[in-house]
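Below is one structure, written out as structure tokens; the observations come after it.
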There are 2 protein chains.
Amino acid sequence: MTKRNEQLTGDPAALVGWEPRRVAAVAPELPAGAAPPGTRGQILRTALGLFSEFGFHGTSIRLIASNVGINPATLYAHYSSKEQILADLVLLGHQELYDRLRRALGSADPSAPARLAALVRQHALIHTDYPLLAVVANSELHVLSAENAATALELRARCRGFLVDVLADGARSGEFRLVDLTLTAIAIGGLSMQIAHWFAPGNRYTPDQVADVYVRLALRMAGDTSHRKEN
Amino acid sequence: MTKRNEQLTGDPAALVGWEPRRVAAVAPELPAGAAPPGTRGQILRTALGLFSEFGFHGTSIRLIASNVGINPATLYAHYSSKEQILADLVLLGHQELYDRLRRALGSADPSAPARLAALVRQHALIHTDYPLLAVVANSELHVLSAENAATALELRARCRGFLVDVLADGARSGEFRLVDLTLTAIAIGGLSMQIAHWFAPGNRYTPDQVADVYVRLALRMAGDTSHRKEN
DNA sequence: GTCTATAGCGGGATAGAC
DNA sequence: GTCTATCCCGCTATAGAC
């Protein structure tokens, strides 16, 4: 039995989707340096775990406070409202994504396939590293007021711009054969987002393995002409 | 300017993601024959529209009732609880998906690429035809009790089985060159789900155009060896 | 089936002592 | 910063008349 055949006989149902949870049960972590210190950070991490599982409207101030181990009133010494906690999380998640993608483009080879691979790799890795943050940032953003969502939406637009630019460059140069620019960008942009819903440290894929697979899938979707055999 | 260049110069940001809505603003429709008649059906459709935009916990009984034009108490003559309304919607959405995929497989050519294309086409079309139902069935299922979610989860497992079987068959026969069975199945299975978040009738893609693109993307992801040039 | 009225509870947020 | 105590509101759901 080769490794390839092992993959073919593995049971996908064992990995994903059998349970009605929104995310795998992983510890709520925030990017190093991004989390505020002390109680404020503890509130943020606790809210992250609860929002990711029950949603913003399904999580009460009282529940957050009790999980932190403080009184509900104490929470308002650190955040002005429940929405402000979510706003901080959503912004933080989008900033981390934008920073990673920008750095990835900065250090990638200039060819379109190399830049696309770098973007997709980082997009996959942010979802394995911070799955709860990714779920909250993506699926609870819509409950924020327009003002609280504005900065995150601008960062998101820039990230989408990175992807569209790389795909368009590759199409012009002949490195890619796109089926359709807009829909391919949407599809590749959404590809890694599902990772947050099933990935957990210690399952049968490492983050790097997941990222490798997703990079190859994205290159196939873009119609990469440079390394077709390897894809 | 060729059509291909139009695609390349079209602005993707004009289509998707600039707004913090969960779904495009489309009328809340249910599959013909699946919706109950009279007030009961009206409640179901109204709840569908509200759940899709604000989520289950973000939607109150009072809001549903006022949008239907009835008293909140009247609602309980038709449904035993708010959760029961959601349970009906989630089940209905999963049944429609399962029925479509089963019919698609029944009428498809026996080759693996033809069956994969049929599955992906129907998966895409159900998201263009019933985007609100798809969003609710997918992203609010987790608030249901285990009993209320059980049937939908079983249907979902069968649908995933369809996809995994087709990919595994194609890999064995050499029609597909898979990067990884499990992750490809997850990726293709999630591919069309995003459609529900941006598609609206009357935008620049028809449902058939969307489905065509997604079928080609999926065949590329599977490493289809039979029609490589067309993909 | 639909209404009025309301029970009973839990929600977000605040006042003020320490 | 953290607590106790509480305000006030909106929530799901029910009782009972019509």
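Each chain gets a letter, A, B and so on, in the order its sequence line appears, and its residues count up from 1.
- Heavy-atom minimum distance, B:Pro28 versus B:Leu132: CA-CD1, 3.5 Å.
- Between the C1' atom of D:dC11 and the CD1 atom of B:Ile61 lies a distance of 10 Å, rounded to the nearest Å.
- When the side-chain nitrogen and oxygen atoms of A:Thr39 are compared with OP1 and OP2 of D:dG1, none of them lie within a distance under 4.0 Å.
- Taking only side-chain nitrogens and oxygens, A:His78 comes nearer than 4.0 Å to OP1 or OP2 of D:dT2.
- Distance CD (A:Glu83) to C1' (C:dA13): 14 Å, rounded to an integer number of Å.
- In this structure, A:Ile64 atom CD1 and C:dG12 atom P are separated by 8 Å, rounded to whole Å.
- The side chain of A:Ser81 sits closest to C:dA13 out of D:dC3, D:dA13, C:dA13.
- If you measure from atom CZ of A:Arg40 to atom P of D:dG1, you get 10 Å, rounded to the nearest angstrom.
- In this structure, the OH atom of A:Tyr79 is 16 Å from the P atom of C:dG12, given to the nearest Å.
- Nearest nucleotide to the A:Ala77 side chain, out of D:dC3, D:dT2, C:dA13: D:dT2.
- Nearest to the side chain of A:Arg62, among C:dG11, C:dC3, D:dA5, sits C:dG11.
- Ring pair B:Phe162/B:Tyr98 is parallel by interplanar angle, where below 30° counts as parallel and above 60° as perpendicular.
- In this structure, the CG atom of A:Asn71 is 14 Å from the P atom of D:dT6, given to the nearest Å.
- Residue pairs satisfying the ring-ring contact (aromatic ring centres under 6.0 Å, His included) criterion with at least one member in residues 32-55 of chain B, sequence neighbours excluded, are listed as follows: B:Phe51-B:Phe56.
- What separates OH of B:Tyr76 from P of D:dG16 is a distance of 18 Å, to the nearest Å.
- Within the cation-pi definition used here (under 6.0 Å to the ring centroid, within 45° of the axis), A:Arg40 qualifies as a partner of A:Tyr79.
- In the set C:dG11, D:dA5, D:dA13, C:dG11 carries the atom at the smallest distance from any side-chain atom of A:Ser60.
- Nucleic acid contact class of A:Ile70 (heavy atoms, under 4.0 Å, all strands): sugar-phosphate only.
- Listed by first and then second residue, the side chain to side chain donor-acceptor pair (under 3.5 Å) pairs that reach into residues 44-57 of chain A are A:Arg21-A:Glu53, sequence neighbours excluded.
- Atom-to-atom, NZ of A:Lys82 to C1' of C:dG11 comes out at 8 Å; the value is rounded to the nearest Å.
- Note on B:Thr74: every side-chain N or O is 4.0 Å or more away from OP1 and OP2 of C:dG1.
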